[in-house]
Trainee: 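For reference, the structure I am asking about is given below.
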Amino acid sequence: MRGVRWVALLFALPLVAAAAELRDLRLWDGPESTRIVFDLGDAVSHKVFTLPSPDRVVIDIDGLDARSVDRVNAVMGKGAVRRVRGGPRPSGIRVVLDVAQPVVARSFSLTPTEEYGHRLVVDVQEPRPAAPPAQPSAAVMVPPSTSRLQDKPIVIAVDAGHGGEDPGARGSSGLLEKDVALSLARKLARSINAQPGMRAVLTRDGDYYVGLRERVNIARKHQADLFVSVHCNAFTQRSMRGTSVYVLSNRGASSEHARWLAQKENAADLVGGVDLHDKDHELAAVLIDLSQSATLEASLDVGGRILRSMGKVNVLQKADVQQAGFAVLKAPDIPSVLVETAFISNAHEEKLLADDAHQDKFVSTMLDGIKGYFHSYRPKLQVVEAETRLQKVSNETGRDVAQAQGVSQ
(Lines give C-alpha, C1' and ligand atoms only; values in the text may rest on other atoms or scores of the structure.)
Protein backbone atom coordinates (compact mmCIF):
# COMPACT_ATOMS: atom_id res chain seq x y z
CA MET A 1 0.00 0.00 0.00
CA ARG A 2 2.85 2.37 0.83
CA GLY A 3 4.31 1.92 -2.69
CA VAL A 4 0.93 2.72 -4.23
CA ARG A 5 0.76 5.92 -2.20
CA TRP A 6 4.20 7.05 -3.42
CA VAL A 7 3.24 6.37 -7.05
CA ALA A 8 0.04 8.41 -6.61
CA LEU A 9 2.04 11.24 -5.04
CA LEU A 10 4.53 11.29 -7.92
CA PHE A 11 1.70 11.57 -10.44
CA ALA A 12 0.20 14.42 -8.43
CA LEU A 13 3.41 16.51 -8.22
CA PRO A 14 3.17 18.10 -11.71
CA LEU A 15 -0.26 19.38 -10.79
CA VAL A 16 1.23 21.44 -7.94
CA ALA A 17 3.48 23.45 -10.31
CA ALA A 18 0.50 24.96 -12.13
CA ALA A 19 1.03 27.50 -14.91
CA ALA A 20 0.75 31.17 -14.02
CA GLU A 21 -2.54 32.92 -14.72
CA LEU A 22 -2.94 36.00 -16.94
CA ARG A 23 -5.32 38.07 -14.83
CA ASP A 24 -5.50 41.11 -17.10
CA LEU A 25 -3.85 42.70 -20.14
CA ARG A 26 -3.92 46.48 -20.42
CA LEU A 27 -2.66 48.96 -23.03
CA TRP A 28 -1.83 52.60 -22.23
CA ASP A 29 -1.23 55.07 -25.04
CA GLY A 30 1.20 57.88 -24.17
CA PRO A 31 2.85 60.57 -26.30
CA GLU A 32 6.26 58.85 -26.17
CA SER A 33 5.31 55.17 -26.19
CA THR A 34 2.55 52.60 -25.90
CA ARG A 35 2.75 50.53 -22.72
CA ILE A 36 1.45 46.97 -22.51
CA VAL A 37 0.97 45.60 -18.99
CA PHE A 38 0.44 41.90 -18.25
CA ASP A 39 -1.11 41.34 -14.79
CA LEU A 40 0.08 37.90 -13.71
CA GLY A 41 -0.71 35.45 -10.96
CA ASP A 42 2.97 34.60 -10.53
CA ALA A 43 6.43 35.56 -11.77
CA VAL A 44 7.30 34.36 -15.29
CA SER A 45 10.27 34.43 -17.63
CA HIS A 46 9.94 36.15 -20.98
CA LYS A 47 11.72 37.26 -24.14
CA VAL A 48 10.89 40.25 -26.36
CA PHE A 49 12.11 40.84 -29.93
CA THR A 50 10.96 42.58 -33.12
CA LEU A 51 10.44 41.19 -36.63
CA PRO A 52 10.13 43.00 -39.99
CA SER A 53 7.91 42.53 -43.09
CA PRO A 54 5.41 43.02 -41.58
CA ASP A 55 6.63 44.95 -38.54
CA ARG A 56 5.68 43.33 -35.24
CA VAL A 57 6.79 42.85 -31.65
CA VAL A 58 6.94 39.29 -30.35
CA ILE A 59 6.64 38.50 -26.63
CA ASP A 60 7.32 34.89 -25.62
CA ILE A 61 6.13 34.27 -22.05
CA ASP A 62 7.15 31.01 -20.42
CA GLY A 63 5.11 29.43 -17.66
CA LEU A 64 1.86 31.13 -18.64
CA ASP A 65 -1.36 29.12 -18.83
CA ALA A 66 -2.36 28.40 -22.46
CA ARG A 67 -5.91 29.46 -21.59
CA SER A 68 -4.53 33.01 -21.43
CA VAL A 69 -4.56 33.11 -25.24
CA ASP A 70 -8.30 33.81 -25.29
CA ARG A 71 -7.83 36.84 -23.01
CA VAL A 72 -4.98 38.11 -25.22
CA ASN A 73 -7.03 37.83 -28.42
CA ALA A 74 -9.90 39.78 -26.84
CA VAL A 75 -7.74 42.92 -26.34
CA MET A 76 -8.03 45.77 -28.85
CA GLY A 77 -4.99 47.60 -30.20
CA LYS A 78 -4.13 51.11 -29.05
CA GLY A 79 -1.52 53.75 -29.89
CA ALA A 80 1.41 52.27 -31.80
CA VAL A 81 -0.11 48.78 -31.49
CA ARG A 82 -2.64 48.09 -34.25
CA ARG A 83 -3.56 44.57 -33.16
CA VAL A 84 -2.85 42.15 -30.32
CA ARG A 85 -2.91 38.42 -30.96
CA GLY A 86 -1.65 35.34 -29.18
CA GLY A 87 -1.12 31.63 -29.50
CA PRO A 88 0.09 28.71 -27.39
CA ARG A 89 3.71 27.50 -27.20
CA PRO A 90 5.07 24.31 -25.61
CA SER A 91 6.43 26.30 -22.66
CA GLY A 92 3.79 29.02 -22.46
CA ILE A 93 2.26 31.48 -24.93
CA ARG A 94 3.39 33.87 -27.67
CA VAL A 95 1.90 37.37 -27.91
CA VAL A 96 2.33 39.31 -31.15
CA LEU A 97 1.84 43.07 -31.39
CA ASP A 98 1.22 44.21 -34.97
CA VAL A 99 2.64 47.71 -35.58
CA ALA A 100 2.57 50.04 -38.57
CA GLN A 101 6.31 50.74 -38.73
CA PRO A 102 9.61 49.66 -37.15
CA VAL A 103 9.61 50.21 -33.40
CA VAL A 104 11.86 49.80 -30.38
CA ALA A 105 10.57 47.53 -27.60
CA ARG A 106 11.85 47.22 -24.05
CA SER A 107 10.48 45.17 -21.19
CA PHE A 108 10.83 44.73 -17.45
CA SER A 109 9.11 42.87 -14.62
CA LEU A 110 7.57 44.38 -11.49
CA THR A 111 7.08 42.64 -8.16
CA PRO A 112 3.76 42.84 -6.26
CA THR A 113 2.71 46.13 -4.63
CA GLU A 114 -0.30 47.27 -2.61
CA GLU A 115 -2.38 47.67 -5.78
CA TYR A 116 -1.06 44.93 -8.08
CA GLY A 117 0.51 41.49 -8.19
CA HIS A 118 3.29 40.39 -10.53
CA ARG A 119 3.46 42.43 -13.74
CA LEU A 120 5.30 42.23 -17.05
CA VAL A 121 5.60 45.62 -18.74
CA VAL A 122 6.49 46.15 -22.41
CA ASP A 123 7.03 49.65 -23.82
CA VAL A 124 6.78 50.13 -27.60
CA GLN A 125 7.97 53.36 -29.21
CA GLU A 126 9.15 54.71 -32.53
CA PRO A 127 12.96 54.94 -32.95
CA ARG A 128 14.36 58.39 -32.28
CA PRO A 129 15.40 60.16 -35.50
CA ALA A 130 19.11 60.37 -36.20
CA ALA A 131 20.85 63.70 -35.76
CA PRO A 132 21.14 65.67 -39.03
CA PRO A 133 24.59 65.63 -40.66
CA ALA A 134 26.93 68.52 -39.89
CA GLN A 135 26.86 71.33 -42.44
CA PRO A 136 30.03 72.79 -43.96
CA SER A 137 31.39 76.07 -42.66
CA ALA A 138 29.79 79.20 -44.04
CA ALA A 139 30.26 82.94 -43.83
CA VAL A 140 27.68 84.51 -41.51
CA MET A 141 27.16 87.86 -39.79
CA VAL A 142 28.14 87.65 -36.12
CA PRO A 143 27.68 90.31 -33.41
CA PRO A 144 30.56 91.26 -31.12
CA SER A 145 30.37 90.40 -27.40
CA THR A 146 28.22 93.16 -25.94
CA SER A 147 25.13 92.09 -24.04
CA ARG A 148 22.50 93.10 -21.53
CA LEU A 149 20.09 91.30 -19.20
CA GLN A 150 16.33 91.31 -19.55
CA ASP A 151 13.49 89.42 -17.89
CA LYS A 152 13.29 85.82 -19.05
CA PRO A 153 9.91 84.23 -19.82
CA ILE A 154 9.14 82.03 -16.80
CA VAL A 155 8.69 78.31 -17.57
CA ILE A 156 6.99 76.12 -14.96
CA ALA A 157 6.84 72.34 -15.28
CA VAL A 158 3.56 71.08 -13.80
CA ASP A 159 3.66 67.39 -12.95
CA ALA A 160 0.46 65.39 -12.44
CA GLY A 161 1.44 62.53 -10.15
CA HIS A 162 0.99 58.86 -11.10
CA GLY A 163 -1.10 58.02 -14.21
CA GLY A 164 -1.94 55.04 -16.39
CA GLU A 165 -1.43 51.71 -14.62
CA ASP A 166 -0.21 53.59 -11.52
CA PRO A 167 -3.42 54.98 -9.94
CA GLY A 168 -1.80 56.33 -6.76
CA ALA A 169 -3.98 56.45 -3.66
CA ARG A 170 -7.69 55.64 -3.72
CA GLY A 171 -10.46 57.29 -1.70
CA SER A 172 -13.28 55.39 -0.03
CA SER A 173 -15.69 56.50 -2.77
CA GLY A 174 -13.36 55.19 -5.47
CA LEU A 175 -11.78 58.57 -6.33
CA LEU A 176 -8.28 57.98 -7.75
CA GLU A 177 -5.29 60.18 -7.03
CA LYS A 178 -4.11 60.03 -10.65
CA ASP A 179 -7.40 61.58 -11.86
CA VAL A 180 -7.42 64.36 -9.26
CA ALA A 181 -3.75 65.13 -9.89
CA LEU A 182 -4.32 65.45 -13.65
CA SER A 183 -7.35 67.69 -13.19
CA LEU A 184 -5.47 69.98 -10.79
CA ALA A 185 -2.35 70.02 -13.00
CA ARG A 186 -4.35 71.00 -16.07
CA LYS A 187 -6.12 73.79 -14.18
CA LEU A 188 -2.81 75.06 -12.78
CA ALA A 189 -1.22 75.00 -16.25
CA ARG A 190 -4.12 77.02 -17.72
CA SER A 191 -3.86 79.56 -14.89
CA ILE A 192 -0.09 79.89 -15.40
CA ASN A 193 -0.51 80.36 -19.16
CA ALA A 194 -2.97 83.19 -18.47
CA GLN A 195 -0.25 85.15 -16.64
CA PRO A 196 1.91 87.57 -18.69
CA GLY A 197 5.43 86.28 -19.16
CA MET A 198 4.66 82.81 -17.77
CA ARG A 199 4.33 79.47 -19.55
CA ALA A 200 3.44 76.00 -18.24
CA VAL A 201 4.67 72.63 -19.45
CA LEU A 202 2.71 69.51 -18.42
CA THR A 203 4.74 66.35 -17.84
CA ARG A 204 1.64 64.35 -18.75
CA ASP A 205 -1.66 65.47 -20.26
CA GLY A 206 -3.61 62.23 -20.22
CA ASP A 207 -4.12 58.97 -18.37
CA TYR A 208 -0.73 57.38 -19.04
CA TYR A 209 2.31 56.75 -16.89
CA VAL A 210 5.49 58.80 -17.22
CA GLY A 211 8.63 57.51 -15.49
CA LEU A 212 9.93 59.61 -12.63
CA ARG A 213 13.24 60.21 -14.39
CA GLU A 214 11.40 61.25 -17.55
CA ARG A 215 9.33 63.82 -15.64
CA VAL A 216 12.54 65.51 -14.53
CA ASN A 217 13.96 65.22 -18.06
CA ILE A 218 10.89 66.96 -19.52
CA ALA A 219 11.38 69.88 -17.14
CA ARG A 220 15.07 70.16 -17.99
CA LYS A 221 14.37 69.86 -21.74
CA HIS A 222 12.08 72.90 -21.54
CA GLN A 223 14.57 74.76 -19.30
CA ALA A 224 11.97 75.06 -16.56
CA ASP A 225 12.52 77.61 -13.80
CA LEU A 226 10.31 75.66 -11.37
CA PHE A 227 8.98 72.10 -11.05
CA VAL A 228 5.65 71.57 -9.25
CA SER A 229 4.46 68.00 -8.70
CA VAL A 230 0.78 67.71 -7.73
CA HIS A 231 -0.44 64.81 -5.57
CA CYS A 232 -3.05 63.75 -3.00
CA ASN A 233 -1.94 62.43 0.36
CA ALA A 234 -3.12 59.19 1.98
CA PHE A 235 -2.62 57.39 5.27
CA THR A 236 -3.98 54.37 7.08
CA GLN A 237 -5.51 56.60 9.76
CA ARG A 238 -8.62 58.01 8.06
CA SER A 239 -8.68 60.98 10.43
CA MET A 240 -5.37 62.31 9.05
CA ARG A 241 -5.96 65.48 7.04
CA GLY A 242 -4.34 68.68 5.80
CA THR A 243 -2.22 70.15 3.02
CA SER A 244 1.54 69.70 2.97
CA VAL A 245 4.45 70.69 0.72
CA TYR A 246 7.66 68.71 0.31
CA VAL A 247 11.10 69.58 -1.00
CA LEU A 248 14.13 67.35 -1.37
CA SER A 249 16.15 66.22 1.65
CA ASN A 250 19.64 64.83 1.07
CA ARG A 251 19.64 63.40 4.58
CA GLY A 252 16.50 61.38 4.05
CA ALA A 253 12.98 62.03 5.16
CA SER A 254 12.07 64.40 8.01
CA SER A 255 9.56 62.07 9.66
CA GLU A 256 8.40 58.46 9.61
CA HIS A 257 5.38 59.47 7.58
CA ALA A 258 7.56 61.27 5.04
CA ARG A 259 9.82 58.19 4.75
CA TRP A 260 6.83 55.96 4.06
CA LEU A 261 5.47 58.37 1.51
CA ALA A 262 8.81 58.81 -0.26
CA GLN A 263 9.31 55.05 -0.52
CA LYS A 264 5.82 54.61 -1.95
CA GLU A 265 6.31 57.28 -4.61
CA ASN A 266 9.82 56.11 -5.60
CA ALA A 267 8.74 52.49 -6.06
CA ALA A 268 7.24 53.44 -9.43
CA ASP A 269 10.61 54.03 -11.11
CA LEU A 270 14.35 54.52 -10.65
CA VAL A 271 15.77 57.73 -9.21
CA GLY A 272 16.60 60.28 -11.92
CA GLY A 273 19.54 62.65 -12.20
CA VAL A 274 21.77 64.68 -14.50
CA ASP A 275 24.15 63.08 -17.00
CA LEU A 276 27.66 63.92 -15.84
CA HIS A 277 29.48 61.14 -17.72
CA ASP A 278 32.08 63.57 -19.11
CA LYS A 279 33.06 64.86 -15.65
CA ASP A 280 35.41 63.14 -13.23
CA HIS A 281 33.94 61.89 -9.98
CA GLU A 282 35.17 64.70 -7.72
CA LEU A 283 34.20 67.51 -10.11
CA ALA A 284 30.76 66.02 -10.66
CA ALA A 285 30.26 65.76 -6.89
CA VAL A 286 31.24 69.41 -6.37
CA LEU A 287 29.03 70.65 -9.22
CA ILE A 288 26.01 68.75 -7.97
CA ASP A 289 26.59 69.84 -4.39
CA LEU A 290 26.83 73.53 -5.34
CA SER A 291 23.80 73.33 -7.60
CA GLN A 292 21.69 71.38 -5.12
CA SER A 293 22.49 73.77 -2.27
CA ALA A 294 21.24 76.79 -4.21
CA THR A 295 18.31 74.83 -5.63
CA LEU A 296 17.25 73.55 -2.21
CA GLU A 297 17.28 77.08 -0.79
CA ALA A 298 15.04 78.26 -3.63
CA SER A 299 12.79 75.21 -3.25
CA LEU A 300 12.27 75.94 0.45
CA ASP A 301 11.41 79.55 -0.41
CA VAL A 302 8.79 78.81 -3.05
CA GLY A 303 7.50 75.82 -1.06
CA GLY A 304 6.92 78.00 1.97
CA ARG A 305 5.03 80.57 -0.10
CA ILE A 306 2.79 77.89 -1.63
CA LEU A 307 2.13 76.29 1.76
CA ARG A 308 1.15 79.56 3.45
CA SER A 309 -1.10 80.49 0.55
CA MET A 310 -2.86 77.10 0.51
CA GLY A 311 -3.45 77.43 4.24
CA LYS A 312 -6.16 79.94 3.33
CA VAL A 313 -8.36 77.20 1.80
CA ASN A 314 -7.45 74.11 3.81
CA VAL A 315 -5.93 73.18 7.16
CA LEU A 316 -2.21 72.46 7.06
CA GLN A 317 -0.94 69.04 8.06
CA LYS A 318 2.23 70.77 9.29
CA ALA A 319 3.05 74.46 9.37
CA ASP A 320 6.49 74.02 7.81
CA VAL A 321 7.72 72.66 4.50
CA GLN A 322 8.63 68.97 4.84
CA GLN A 323 11.65 67.24 3.30
CA ALA A 324 11.80 63.76 1.76
CA GLY A 325 13.62 61.83 -0.93
CA PHE A 326 11.06 62.02 -3.73
CA ALA A 327 12.67 61.09 -7.05
CA VAL A 328 10.87 63.86 -8.98
CA LEU A 329 12.50 66.50 -6.78
CA LYS A 330 16.07 65.48 -7.58
CA ALA A 331 16.92 67.82 -10.47
CA PRO A 332 19.93 69.67 -9.01
CA ASP A 333 19.35 72.80 -11.09
CA ILE A 334 15.55 73.32 -10.91
CA PRO A 335 13.75 74.45 -7.73
CA SER A 336 11.25 71.66 -7.14
CA VAL A 337 8.28 71.16 -4.83
CA LEU A 338 5.76 68.36 -4.33
CA VAL A 339 2.32 69.52 -3.19
CA GLU A 340 0.13 67.07 -1.27
CA THR A 341 -3.10 69.00 -1.76
CA ALA A 342 -5.24 67.03 0.73
CA PHE A 343 -5.79 63.52 2.12
CA ILE A 344 -7.82 61.44 -0.33
CA SER A 345 -8.09 58.84 2.46
CA ASN A 346 -10.03 61.37 4.60
CA ALA A 347 -13.77 61.38 3.78
CA HIS A 348 -14.14 65.17 4.16
CA GLU A 349 -11.06 66.04 2.13
CA GLU A 350 -11.92 63.47 -0.53
CA LYS A 351 -15.10 65.48 -1.15
CA LEU A 352 -13.02 68.65 -1.46
CA LEU A 353 -10.71 66.98 -3.97
CA ALA A 354 -13.67 65.80 -6.06
CA ASP A 355 -15.35 69.22 -6.04
CA ASP A 356 -14.55 71.33 -9.11
CA ALA A 357 -14.96 74.64 -7.26
CA HIS A 358 -12.61 73.58 -4.45
CA GLN A 359 -10.07 72.35 -6.99
CA ASP A 360 -10.09 75.91 -8.35
CA LYS A 361 -9.31 77.19 -4.85
CA PHE A 362 -6.37 74.82 -4.49
CA VAL A 363 -5.05 75.95 -7.88
CA SER A 364 -5.56 79.65 -7.17
CA THR A 365 -3.59 79.51 -3.91
CA MET A 366 -0.81 77.43 -5.50
CA LEU A 367 -0.53 80.06 -8.23
CA ASP A 368 -0.41 82.89 -5.67
CA GLY A 369 2.58 81.24 -3.98
CA ILE A 370 4.33 80.72 -7.31
CA LYS A 371 3.74 84.32 -8.41
CA GLY A 372 5.01 85.63 -5.09
CA TYR A 373 8.25 83.70 -5.52
CA PHE A 374 8.91 84.94 -9.06
CA HIS A 375 8.01 88.49 -8.06
CA SER A 376 11.08 88.36 -5.83
CA TYR A 377 13.29 86.17 -8.03
CA ARG A 378 12.56 86.91 -11.68
CA PRO A 379 14.97 84.93 -13.93
CA LYS A 380 17.08 86.95 -16.35
CA LEU A 381 18.10 86.31 -19.93
CA GLN A 382 21.32 87.53 -21.55
CA VAL A 383 20.64 89.40 -24.80
CA VAL A 384 23.43 90.25 -27.27
CA GLU A 385 23.25 93.65 -28.98
CA ALA A 386 25.89 95.04 -31.36
CA GLU A 387 26.83 95.86 -34.93
CA THR A 388 27.31 92.83 -37.17
CA ARG A 389 30.59 91.78 -38.73
CA LEU A 390 31.48 89.01 -41.18
CA GLN A 391 33.14 85.90 -39.74
CA LYS A 392 33.60 82.33 -40.86
CA VAL A 393 31.67 80.13 -38.49
CA SER A 394 31.35 76.36 -38.20
CA ASN A 395 27.64 75.56 -38.31
CA GLU A 396 28.37 72.37 -36.39
CA THR A 397 29.32 73.92 -33.06
CA GLY A 398 29.79 77.67 -33.34
CA ARG A 399 33.01 77.27 -31.33
CA ASP A 400 34.99 79.65 -33.62
CA VAL A 401 32.62 82.50 -32.80
CA ALA A 402 32.53 81.70 -29.10
CA GLN A 403 36.31 81.75 -28.85
CA ALA A 404 36.49 85.00 -30.82
CA GLN A 405 33.93 86.54 -28.47
CA GLY A 406 35.56 85.21 -25.32
CA VAL A 407 32.42 83.20 -24.50
CA SER A 408 32.79 79.67 -23.08
CA GLN A 409 30.77 76.84 -24.64
Trainee: Quick one: list whatever passes side-chain hydrogen bond (donor to acceptor under 3.5 Å, both in side chains) with T243, sequence neighbours left out.
Mentor: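 Partners of T243 by the side-chain hydrogen bond (donor to acceptor under 3.5 Å, both in side chains) criterion, ordered by chain and then number, come out as N314.
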
Trainee: Ignoring hydrogens and angles, tell me if any N or O in the side chain of S299 forms a donor-acceptor pair with the backbone of S336 under 3.5 Å.
Mentor: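 Confirmed, S299 side chain pairs with S336 backbone.
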
Trainee: Please examine the side chains of H46 and S107, heavy atoms only from C-beta on, and report whether any two atoms are closer than 4.5 Å.
Mentor: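 S107 vs H46: side chains touch.
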
Trainee: Show the nearest heavy-atom pair for residues R305 and G372, with the distance to one decimal.
Mentor: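 For R305 and G372, the tightest heavy-atom pair comes out as NH1-O, 3.2 Å.
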
Trainee: Nearest heavy-atom pair of S68 and L22: which atoms, and what distance?
Mentor: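 Distance-wise, the nearest heavy atoms are OG-CB, 3.2 Å.
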
Trainee: Under the 3.5 angstrom rule, does the side chain of R199 hit a backbone N or O of I156 as a donor-acceptor pair?
Mentor: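 Absent.
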
Trainee: Main chain of A169, side chain of E177: is a donor-acceptor contact present, judged purely on distance under 3.5 Å?
Mentor: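 Present.
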
Trainee: Can you give me the closest heavy-atom contact between P335 and D333, atom names plus distance?
Mentor: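 Minimum heavy-atom contact is CD-O, 4.1 Å.
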
Trainee: Does R215 make a cation-pi contact with Y209 (under 6.0 Å, within 45 degrees of the axis)?
Mentor: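 Yes.
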
Trainee: What closest approach, in Å, do R204 and K178 show between heavy atoms, and which atom pair accounts for it?
Mentor: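 Heavy atoms of R204 and K178 come nearest at NH2-O, 2.9 Å.
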
Trainee: Go through the structure and list residues passing ring-ring contact (aromatic ring centres under 6.0 Å, His included) with Y377, not counting sequence neighbours.
Mentor: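 Here the qualifying residues are Y373.
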
Trainee: What is the distance from atom CD1 of I192 to atom CD of Q195, rounded to the nearest 0.5 Å?
Mentor: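 Between atom CD1 of I192 and atom CD of Q195 there are 8.5 Å.
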
Trainee: Take atom CZ of R82 as the centre, draw a 6.0 Å sphere, and report whether it contains more than 12 heavy atoms from other residues, nucleotides or ligands.
Mentor: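 Counting neighbours around CZ of R82, 12 or fewer heavy atoms of other residues, nucleotides or ligands fall under 6.0 Å, so no.
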
Trainee: Using a 4.5 Å cut-off on heavy atoms from C-beta on, say whether the side chain of E349 contacts that of C232.
Mentor: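 Not touching, per the 4.5 Å side-chain cut-off.
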
Trainee: Per the salt bridge (charged side-chain N to carboxylate O under 4.0 Å, His left out) rule, what does the pair list look like for residues 87-101, sequence neighbours excluded?
Mentor: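 Qualifying pairs: D60-R89, D60-R94, D62-R89, R85-D98.
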
Trainee: What I'd like to find out is whether the side chain of F227 reaches to under 4.5 Å of the side chain of V158, using heavy atoms alone.
Mentor: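 Side-chain contact under 4.5 Å: no.
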
Trainee: Picking from R238, R170, M240, what satisfies side chain to side chain contact (heavy atoms under 4.5 Å, CB included) with S345?
Mentor: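 The residue from R238, R170, M240 that satisfies side chain to side chain contact (heavy atoms under 4.5 Å, CB included) with S345 turns out to be R238.
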
Trainee: Flag the pair V339 / L184 as yes when at least one side-chain heavy-atom distance between them is below 4.5 Å, and no otherwise.
Mentor: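 No, too far: nothing below the 4.5 Å cut-off.
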
Trainee: Determine whether the side chains of T111 and H118 contain a donor N or O and an acceptor N or O closer than 3.5 Å.
Mentor: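 Side-chain D/A pair, T111 to H118: absent.
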
Trainee: Within a strict 4.5 Å, meaning less than it, do heavy atoms of the F38 and V95 side chains meet?
Mentor: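 Yes, their side chains come closer than 4.5 Å.
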
Trainee: Quick check on the 6.0 Å ring-centre criterion: do Y246 and F326 meet it?
Mentor: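 Ring centres of F326 and Y246 closer than 6.0 Å.
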
Trainee: Compare all side-chain heavy atoms of V216 with those of R220 and state whether any distance is below 4.5 angstrom.
Mentor: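 With C-beta onward as the side chain, the pair touches.
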
Trainee: Please enumerate all residues that pass side-chain hydrogen bond (donor to acceptor under 3.5 Å, both in side chains) together with D123, with sequence neighbours excluded.
Mentor: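 D123 satisfies side-chain hydrogen bond (donor to acceptor under 3.5 Å, both in side chains) with R35, R106 once adjacent residues are dropped.
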
Trainee: Please list all pairs passing the side chain to side chain donor-acceptor pair (under 3.5 Å) test where one or both residues lie in residues 353-367, with sequence neighbours left out.
Mentor: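 As it turns out, the side chain to side chain donor-acceptor pair (under 3.5 Å) pairs with a partner in residues 353-367, which skip direct neighbours, are S183-Q359, K187-D356, K187-D360.
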
Trainee: Show the nearest heavy-atom pair for residues S244 and N233, with the distance to one decimal.
Mentor: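 For S244 versus N233, the nearest heavy atoms are OG-ND2, 3.6 Å.
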
Trainee: Pairing donors with acceptors under 3.5 angstrom, does anything connect the side chains of S173 and E350?
Mentor: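 Indeed, the side chains of S173 and E350 share at least one donor-acceptor pair under 3.5 Å.
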
Trainee: Regarding E340 and H231, is there a side-chain donor-to-acceptor distance under 3.5 Å anywhere?
Mentor: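 Short answer, no.
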
Trainee: Walk me through it: do D65 and R67 pass the test salt bridge (Lys or Arg N to Asp or Glu O under 4.0 Å)?
Mentor: CA-CA 5 Å; D65 192 329; R67 290 174 296 182; 2.5 Å; yes

Trainee: Using a 4.5 Å cut-off on heavy atoms from C-beta on, say whether the side chain of V155 contacts that of V201.
Mentor: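 A side-chain contact under 4.5 Å exists here.
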
Trainee: Does a donor on one side chain sit under 3.5 Å from an acceptor on the other, for E126 and Q101?
Mentor: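 Yes, a side-chain donor-acceptor pair sits under 3.5 Å.
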
Trainee: Which pairs count as side chain to side chain donor-acceptor pair (under 3.5 Å) when at least one residue sits in residues 69-78, sequence neighbours excluded?
Mentor: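 Side chain to side chain donor-acceptor pair (under 3.5 Å) check on residues 69-78 returns no pairs.
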
Trainee: Between Y208 and G30, what is the shortest heavy-atom contact and its length?
Mentor: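 It is CG-CA, 3.7 Å.
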
Trainee: Under the criterion side chain to side chain contact (heavy atoms under 4.5 Å, CB included), which of I370, T203, D159 is the partner of V228?
Mentor: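 Of I370, T203, D159, side chain to side chain contact (heavy atoms under 4.5 Å, CB included) with V228 is met by I370 alone.
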
Trainee: Please tell me if the side chains of R23 and L40 come closer than 4.5 Å, counting only heavy atoms from C-beta onward.
Mentor: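 Contact flag for R23/L40 side chains = no.
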
